[in-house]
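To keep things clear, I will list the structure first and then write my remarks on it.
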Amino acid sequence: MTSHSEFDVIVIGSGPGGYVAAIRAAQLGLRTACIEKGNTLGGTCLNVGCIPSKALLQSTEHYEWLLKNAAEHGVQVNQPSMNFEKLMSRKEEVVKTLVDGIAGLFKKNKVEWIKGEAQFISAQEIEVKGEKTQCLKAKNFILATGSEPIPLPFLPFDEKIIVSSTGALVLPKVPKTMIVIGAGVIGVELASVYRRLGTKIQIVEMLEQITPAMDPAISKLLLQILKKQGLEFFLGAKVVEGSVNKGLAKLKVEHEGKTIELSADVILVSVGRRPYSKGLNLSAAGIEIGPKGFIPVDGAFKTTQNHIYAIGDLIDGPMLAHRASEEGVAAAEIITGMHPHVNYMSIPNVIYTHPEVAAVGMTEKEAREAGFALKVGTCLFKSNARARCAGDTEGLVKVIGEDTSGRLLGLHIIGPNASEMIGEGVIALEKKMTVEQLANASHAHPTLSESIKEAALNALGRAIHF
Ligand SMILES: Cc1cc2nc3c(=O)[nH]c(=O)nc-3n(C[C@H](O)[C@H](O)[C@H](O)COP(=O)(O)OP(=O)(O)OC[C@H]3O[C@@H](n4cnc5c(N)ncnc54)[C@H](O)[C@@H]3O)c2cc1C
C-alpha cells in the first residue's frame, strides 16, 4: 500500500454529480481528485443511463418515422429495416465519445482521475483499491456514488432474461416479447425503444397512473397515446410471483381481483432505484445513513461530518442528472466559502417518449393542495402551425399561474420537442416571471414554442388561435 497525496477535495464517483463537482472545484483553484471504480468516467448517466437510452430512443424514433410517417410527407422508402447491431454499436460510439470527453475535461482542468473503489478509513482518509491500493487524504470529500436499480426479491437480475435498465440497453437481439414491471420514466422509455423494434410489450404497474411524478392529466394523455402506439398496460396490478424456466420468464400478477399469468422472453424490472453507498465504509467516517439508504445532508449538502458532502442520487430528491450536476457545483462552491443556491422549483423533468413529456415547477394538483388559487391555461398542438407542418400534432401545453399575483407556478408539456421547450419554463420560473410576461414575450412564428405563449394567453382568457 502506498500513502501520499493530500488533496483539497476528493470526489468519490464520476457521474454527472461527481465529475461536474470535480471540475468546478478545480476551476476554483482546489487540488482535486475524482475516484471512479468503473472503467470509464461519467457514471450511470453516461454509461448505462441517460445517454445510451436517448441514443436508442433517437435511432428508433427515426426508424418509426420512416415506417409510419414518411409516406404522409411524400417520402417514398422501400421497406425500411433496422440493423440492430448497427443501432447498438452507434449507441456505444456515442457513449464512448462522451465519456472520453470527460477524461479530456479532467486533463484540461487538472482534476486527477484515480481509478479504483474508495472506502473510508477515517473521516480524513480513504483507501482506494485499484490496480494498486493507495491511501489518500483530503480536507474535504464530496460523495457522489449515485444509485442502483432495485430488484424484486423473488426475481433477481440475471441481466439476460430478468434485466434491469442496464441489461435492457445491451440485449443481444430484439426479443419477441417483453414485460416491463414499473411504468415510470425508465420503463416507458425502454418499452418505447423495443416496441418500435417490433417487440410485443406488456407493462405491469402497481399504481393506477403511469409516470407518477408528472401532472396527472398529462400522464393520462401519455397513457392514451402509448396505448394507441401498441403498448399494453396492466394498471393497479401487483406482481406476486416470478420464475424463469427454459429461457422463458413467467409472472403471476394480481389484477382486477384475479390472478393472471404472463410470460415473456425478457422481463425488464424498472420499479425504481436506490442510493448506492455499498463499500464506502461510511461508519469509519462517522457518517449516518438515513431512511431508504439516502445520506442525510443539510441545506449546504453537508453530511453529519462538516467536511464531507453528499450530492446527486445518493441524497433524497428526484434522481436526475442535471440535479446532481447543480448540487455538485454548489458543493464545490460552498467548500470555497461561496453561497450558491440550488433552486429545486426550477429543475425540469423529462420523459423522452414520443411525444415527449416535460415539466417544471408545480403540477396543478400540487399547486391546489398548497392552497393556491390558480389561473390555468392550455393549448393543444393541433392548433399550432409548426406542429401541423411537421405532422406531429399530438399533445398540449399547460401553464399554471397563481391567480392573484399572476406568478408562474408550473409549465407542463406533452408534445414534440417538449424536452427543448421546457427551458423556457425553467428561465421563467428562475426569473419569477408572471404568466402575463410569458404571454407577452414574442415567440418566433411558426414554432412549437408559440404553444407556450398561447397557453399563457389562454390562462389570461386571451387565447388568439382557438
Ligand atoms: C436508464 C436510465 C435512463 C436515465 N435517463 C435520464 C435522463 O434522461 N435524464 C436525467 O436527468 N437522468 C436520467 N437518469 C438518471 C441519471 O442517470 C442519474 O440521476 C444520475 O446519473 C445521477 O448522477 P450521480 O452523479 O448522482 O451518480 P451516478 O451517475 O450513478 O454515478 C455514480 C458513480 O460513482 C461510482 N462509485 C460508486 N461507489 C464508488 C466507490 N466506492 N468508489 C469509486 N466510485 C464509486 C459509480 O461507479 C458511478 O460511476 C437515467 C437513469 C437510468 C438508469
Side-chain angles (χ1 to χ4, degrees), residues 11-13 15-18 21 37 43-45 48-50 117-120 141-157 162-167 180-189 204-214 219 238-240 242 268-305 308-328 330-331 342 344-345 347 349 351 359 363 365-366 369:
V11 181
I12 305 178
K37 75 182 172 81
T44 303
C45 175
V48 292
C50 328
E117 184 163 8
Q119 67 162 329
F120 281 97
F141 293 88
I142 299 177
L143 310 181
T145 51
S147 61
E148 62 176 356
I150 303 176
L152 289 175
F154 49 82
L155 214 54
F157 297 126
I162 310 300
V163 298
S164 68
S165 53
T166 304
V180 176
I181 307 178
V185 179
I186 292 175
V188 296
E189 286 186 356
V204 180
E205 166 59 54
M206 203 148 84
L207 302 176
E208 294 293 343
Q209 181 193 341
I210 66 165
T211 60
M214 292 294 177
S219 289
K238 190 175 173 205
V239 179
V240 287
L268 164 62
V269 179
S270 50
V271 295
R273 297 180 61 86
R274 61 187 174 203
Y276 181 86
S277 60
K278 246 181 250 162
L280 272 178
N281 196 21
L282 291 173
S283 59
I287 296 173
E288 282 168 19
I289 302 184
K292 298 188 185 164
F294 291 107
I295 309 272
V297 288
D298 67 9
F301 306 106
K302 287 183 181 178
T303 63
T304 37
Q305 291 285 359
I308 304 181
Y309 300 75
I311 58 166
D313 282 8
L314 187 58
I315 65 172
D316 202 3
M319 289 186 170
L320 294 168
H322 42 288
R323 173 188 77 128
S325 298
E326 296 303 334
E327 291 174 349
V342 177
Y344 288 96
M345 181 66 181
I347 291 186
N349 197 353
I351 307 173
T363 64
K365 186 164 174 265
E366 283 165 355
E369 281 170 6

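What you see is a predicted model; the values in this text were computed from it and never measured. Values below: every heavy atom of this structure, side chains too, minus hydrogens, waters and symmetry copies.
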Worksheet entry | Pair T363-M214, side-chain contact (heavy atoms from CB on, under 4.5 Å): steps then yes or no | CA-CA 7 Å; T363 64; M214 292 294 177; over 6 Å; no
Is a side-chain N or O of [X] found less than 3.5 angstrom from the main chain of [Y], in a donor-acceptor match?
| X | Y | result |
| --- | --- | --- |
| Q305 | A285 | yes |
| E327 | I311 | no |
| T166 | V48 | no |
| T211 | S219 | no |
| T145 | G13 | no |
| N281 | F120 | yes |
| R323 | P318 | yes |
| S147 | D313 | no |
| S277 | L314 | no |
| E205 | A183 | yes |

So, for [X] and [Y], which heavy atoms are closest and what is the spacing to 0.1 Å?
| X | Y | answer |
| --- | --- | --- |
| G187 | S270 | CA-OG, 3.4 Å |
| A144 | G17 | CB-C, 4.3 Å |
| A213 | N349 | CB-ND2, 3.9 Å |
| A324 | G312 | CB-CA, 3.6 Å |

Taking the side chain as C-beta and beyond, is there a heavy-atom pair between [X] and [Y] under 4.5 Å?
| X | Y | answer |
| --- | --- | --- |
| V269 | V239 | no |
| V188 | V180 | no |
| I287 | L143 | yes |
| P156 | P151 | no |
| K302 | I308 | no |
| I347 | L320 | yes |

[atom1] of [X] to [atom2] of [Y]: how many Å apart, nearest 0.5 Å?
| X | Y | atom1 | atom2 | result |
| --- | --- | --- | --- | --- |
| K278 | E117 | NZ | CD | 10.0 Å |
| Y309 | I315 | OH | CD1 | 13.0 Å |
| M319 | I186 | CE | CD1 | 9.5 Å |

Worksheet entry | Carboxylate-amine/guanidinium proximity below 4.0 Å for E148 and R273 |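 No, no charged N to carboxylate O under 4.0 Å.
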Item to complete: For side-chain contact (heavy atoms from CB on, under 4.5 Å), just list the numbers for I12 and L280, CA-CA rounded to whole Å, side-chain angles, deciding distance to a tenth of an Å, and then say yes or no.
Response: CA-CA 9 Å; I12 305 178; L280 272 178; 3.9 Å; yes
Item to complete: Take V342 and F301 through the test side-chain contact (heavy atoms from CB on, under 4.5 Å) and record every step on the way to the result.
Response: CA-CA 11 Å; V342 177; F301 306 106; 3.9 Å; yes
Worksheet item: Just wondering, are more than 12 heavy atoms of other shown residues or ligands nearer than 6.0 Å to CD in E288?
Response: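 At most 12 heavy atoms, drawn from other residues, nucleotides or ligands, come within 6.0 Å of this atom.
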Practice prompt. Given side-chain contact (heavy atoms from CB on, under 4.5 Å), test I181 with L155 step by step and report yes or no.
Written response: CA-CA 11 Å; I181 307 178; L155 214 54; 4.2 Å; yes
